Structure formats: C-alpha cells, structure tokens
There are 2 protein chains.
Amino acid sequence: MKLADTVAPIRPATAAFDVDALAPHLPTTRRRLRTGQHLYRAGQAFHALYFVHAGFLRTSLVADDGREQVTGFPMRGDLVGCDAIGAGAHIGDAIALDTCEIVELAYPAVLDACRGVPALHGMLAEAMGAELRRDRARLLALATLSAEQRVAWFLRGLARRQRALGYSAHHLCLRMSRVDIGNYLALKHETVTRALSHLDADGVIAVERREVRIPCVERLDAAAGAGAAVASRAA
Amino acid sequence: MKLADTVAPIRPATAAFDVDALAPHLPTTRRRLRTGQHLYRAGQAFHALYFVHAGFLRTSLVADDGREQVTGFPMRGDLVGCDAIGAGAHIGDAIALDTCEIVELAYPAVLDACRGVPALHGMLAEAMGAELRRDRARLLALATLSAEQRVAWFLRGLARRQRALGYSAHHLCLRMSRVDIGNYLALKHETVTRALSHLDADGVIAVERREVRIPCVERLDAAAGAGAAVASRAA
DNA sequence: CGGTAAGTTGAGATCGTTCAACTCCAGTGG
DNA sequence: CCACTGGAGTTGAACGATCTCAACTTACCG
C-alpha cells in the first residue's frame, strides 16, 4: 500500500460526513464567519468539533512564549478542532480566511450520538486517523524536501483538494499570505516568494500575486520531488 | 491554557488504559517481540491497534520512493497504529528497539467494545487527540528550533516520559541510533552528534555513547530554547 | 492621495550539510 | 586468543541552501 493510496484518496472519511443526518441525534449549530473572524482561539474551552461546510480557514498552534505554528488550512469537508480532544481547551487559533459556514458538533455529545448513528463512530475515528496521516506526510515533506520542493508540494496539495471538491486543479487562488505559507512549510516568506518566482520562471506555474495557474499538474508533481506520491494535505 | 498543560500532562488518556478490563468485551492478544522484530510493516493490512505494555519501539512512515521518516518512539503506555485507521493498511513500520510486550486490540472490534465499556470511547478519542497534539508540537519544534535546541528538546521529551512512568529523569539510555534521532528531528546524524557533544561541553548533559545523564533538568529546558513549555512527545 | 501591509528582489551572513578520516566496540572465524 | 570486519559514533573542513537585512514596488484602504 502506498501513501498515495492511503493519504491522498480525497479523504472519504470527512467528505462523506452527512452532517444533516446527525441533527436528530445531536445538537448541531450553524455558524457563519467573516474573513478575519476567529472560530476559536488558543486557550478557549473546548466544547465542540467543527465541520467546514464552506469557506477557508487557517488553524495554528500557539506556544505560550508566543511562537505560532500554522497547522493547516481547512476547507469544505474538513473537520476542525480534533486536536483539542482530551485537552480541555484549544491549543491554537482557527481563523477564517474567507467567509465561512461552519457546523458545530457538540463534544462529547457527538460521541454519544455514535450509538444512534453507528457509522458515525467509524467516520470520526477515520477522520482523525486521516489527520494523523496528513501530519506525518507533512513531517516527511519538511524533513526531506528542499524549499522549492516544499512549495511545489504545498501547491499540489491545494490543487488536489480543490479537484477532490469538484473544482479545477489548474487554477488556485491562495487565500493565505506568503508569511502563512512560509510558517506552514517552515520557511521564511522571502524563500517562499523566491521558490514561487523560480517555479514560474521554469514554466511549472504562473504566479501573479495570489493567483496561481498550473498548466501541467504532472510538472508540478515532478517539482515536488521524489515525493511524487506522498500526499495532499489539510485540516 | 498553555501547551505545557495540554500536551505535556503525561498522557492520562493512554496511560489510563486498563487493558485487562477490556478482555471480556474484546479479543485481546498478547505479543512478545525481540529487538529488531517488526510489529508491523508498511503495507500490511491494518486489523488492530497496539498497546505497549513494556519495551521500546520505533515507528516510521515509508514513502513509496523509499524515503523513510521516523514518526515516534513509543514506549510503555503508548498506543501504536492509530495512523492506519481508515487507511486499510499500515503506512509505515513499527520495529522493536528492545524486548517488547504488546497487547493487540482488534480493530474495528475495539469500536464495538466501546458500547460495553463507555469510558473506552472517550479514551480512544483522547489518545488520538493527544497524538495529534504531539505531532503538532513536534512540527513547531522542527520549524522554530535550531539543531541544538531540537536535540535538547528531544532529550527532555524522553526524560519527561520516563519520569511520567516513574523512572528517573536524570539518566537516559538511548535505545535508538544517532541516525534515528536525526531522522526524527530532521537533522543529519553528524549534526546530532555535534549537538550532543556541545551540550556535553556546556555541562548541560553528560553523554557517553548511548548513556545520557541529565544533572539539571532545568538547564536542559533552557537549552531547548524559548519553547521551554512546549511539550514532551511520543507514540 | 498619503499610508500601510504584502510581495519581490538582491547581497551577504549563517547554520547545517557534505565529504572524509579516524576511533571504538561487538561479533566472527582462524 | 586474537586479528579481522563492519556498524556506530565522533570530529574537522569546506561548501551551499536558506536566512537575514535592506531596498524597492504594488495594491488596497481610509
């Protein structure tokens, strides 16, 4: 079994979430966020998981000395907040990079709901398993790829996720800043810019500010290095 | 809420596992591994989670191009294999670095057992949540710390885990090679050696091959950098 | 129409890697 | 019993990728 088969397959787990079917078994609340609003902040009491119905967010981990690490860019179909389970409080921020529509799943009520909806149990476990795999695929990418390969890997991940949701994989609109990308990839924003410029010069992509065109996905795969089959990413 | 409070607290989740109490609700198998034996390999069908009752292992993620990333060094009280949930097969290897005693928890049978043992449900979720937090704390460490700080951070994590199990935090016996440590920390083995030598020269630790003495844990905390409160590690 | 945040680009400094030599130790077989 | 062999660890020196610092451009907002 290859990672490509285990990590990439478009997260059937979370994407298959039929949130509406849960309503009879669990208090679900809908929330709308505007760009820049927080879904939660580090330190806030943990009382719900969040299912992203629409929009684009940035999640991060905040250390008590102020250092911040971007942990993901959840979008439609992703489950947010799992890393607070068992901690009592959120360990980082979740902020909307776009207008978002969120479904709140009260915790631990959602565990009880597993009895009424047996399939939910496996789905929750699988969603968390998938998140672990993504974190580890990212670790592998950070540990083994050069700056330019990481940026290519990142773009490819975004493209795949878009495609999985039915959008084109040939055009991206980056909702996050270069600083966010750099933080996510353990690079400085200047290095991200340089990598993007270089990929552009090589004709792999066409960058214009936050618009990115990807004429040939295979070339981007190649630019992501040996790790051609190593993953998408998210949550 | 600080990370130190959420990540470090000695994993009550997994440590609290009372595996024996599960026996009536779930087929549990005990397994014994000798040093060098595999608990599972990348690609093997996933059919159980593993609870480490004794011993020390190394888990890794294996990419199809052969690149390998060490993902953790599970020891007593840790739950292994969660990252395969939903994938069908293991995405990496788990190998014994020591004589190990393992309790196999059949999956998905263990989910069904949650009905008979309600507390198990929350414990499983919390164990996975804790694993997510550890992965992310590690990401933060790799992204923000220098080579020497990472090595100090790694040693501190081991010391804390030992202490949590009731052993001394002042003496470590590294079961893994420098190469493994380097892979885990995204460094080359020479760099790991240099960092250890330098910490030794500074009097923070005393290294002799795989034996490490830690006279003053606070000094090690300081050497782990700003991230003084950022985490232990595991699974 | 300033003012500010985000992005780009260059040049030099730095940290970790690379390549290489050497030591130490355990296991093996003469 | 001891020389041999190979893996693991250590250390040095030079190189190179990324960071740092700094200047400049562009776009957006009041």
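Just so we're clear, the structure is a prediction, and the values are computed from it rather than from any experiment. Numbered from 1 within each chain, the chains take letters A, B, ... in sequence-line order.
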Student: Kindly indicate, with the supporting measurements, whether the criterion side chain to side chain contact (heavy atoms under 4.5 Å, CB included) is fulfilled by B/Trp153 and B/Arg138.
Tutor: CA-CA 9 Å; B/Trp153 175 87; B/Arg138 181 172 155 213; 3.9 Å; yes

Student: Nearest-Å distance, CD (A/Gln149) to C1' (D/dT18)?
Tutor: 14 Å

Student: On the nucleotide D/dT10, are OP1 or OP2 found under 4.0 Å from the side-chain N or O atoms that B/Arg178 carries?
Tutor: yes

Student: Side chains of residues 197-210 of chain A: which donor-acceptor pairs under 3.5 Å do they make with residues two or more places apart or in other chains?
Tutor:
from, atom 1, to, atom 2, distance (Å)
A/Ser197, OG, A/Thr193, O, 2.9
A/His198, ND1, A/Glu148, OE1, 2.6
A/His198, ND1, A/Glu148, OE2, 3.2
A/Asp200, OD2, A/Val207, N, 2.9
A/Arg210, NH1, A/Arg175, O, 3.1

Student: Please state whether the phosphate of C/dA5, meaning OP1 or OP2, lies under 4.0 angstrom from any side-chain nitrogen or oxygen of A/Ser177.
Tutor: no

Student: Do B/Thr71 and B/Ser60 get their side chains close enough for a donor-acceptor pair, meaning under 3.5 Å?
Tutor: no

Student: Round to a whole Å and report the spacing from CG of A/Leu199 to C1' of C/dG7.
Tutor: 16 Å

Student: Round to the nearest Å and state the distance from A/Leu196 atom CG to C/dG7 atom P.
Tutor: 10 Å

Student: Determine whether a donor-acceptor pair (N or O, by modelled atom type, separation under 3.5 Å) exists between the side chain of A/Asp93 and the backbone of A/Ile95.
Tutor: no

Student: So, do B/Tyr40 and B/Phe46 have ring centers that fall under 6.0 Å from each other?
Tutor: no

Student: From CG of A/Leu185 over to P of D/dA17, roughly how many Å is that when rounded to an integer?
Tutor: 19 Å

Student: Within the structure, does a side-chain N or O atom of B/Arg210 lie under 4.0 Å from either OP1 or OP2 of D/dA8?
Tutor: no

Student: I'd like a table of atom pairs between the protein and nucleotides 13-22 of chain C - only N or O on both sides, under 3.5 Å - with the distance next to each one.
Tutor:
from, atom 1, to, atom 2, distance (Å)
C/dG16, OP1, B/Ala147, N, 2.6
C/dT17, OP2, B/Lys188, N, 3.4
C/dT17, OP2, B/Thr191, OG1, 2.3
C/dT18, O4, B/Arg194, NH2, 2.9
C/dC19, N4, B/Glu190, OE2, 3.3

Student: Starting at NE2 of A/His198 and ending at C1' of C/dT8, how long is that distance when rounded to a whole Å?
Tutor: 15 Å

Student: Any donor-acceptor pair under 3.5 Å linking the side chain of B/Arg150 with the backbone of B/Leu145?
Tutor: yes

Student: Just how large is the angle between the end axes of the helix from C/dC1-D/dG30 to C/dG30-D/dC1, five pairs per end, to 10 degrees?
Tutor: 30°

Student: Looking at every non-hydrogen atom in both residues, tell me the closest pair between A/Met128 and B/Gly129 and how far apart they are.
Tutor: CE-N, 3.4 Å

Student: Rounded to the nearest angstrom, tell me the gap between atom CG in A/Leu97 and atom C1' in C/dA6.
Tutor: 15 Å

Student: Could you tell me whether A/Arg136 and B/Glu131 have a side-chain N and a carboxylate O separated by less than 4.0 Å?
Tutor: yes

Student: In this structure, how many angstroms lie between the C1' atom of D/dG9 and the CG atom of B/Asp200, rounded?
Tutor: 14 Å

Student: Which heavy atom in A/Leu132 sits nearest to a heavy atom in B/Leu132, and how many Å separate them?
Tutor: CD2-CD2, 3.8 Å

Student: Grab the CD-C1' distance between B/Glu208 and C/dC25 for me, whole Å please.
Tutor: 13 Å

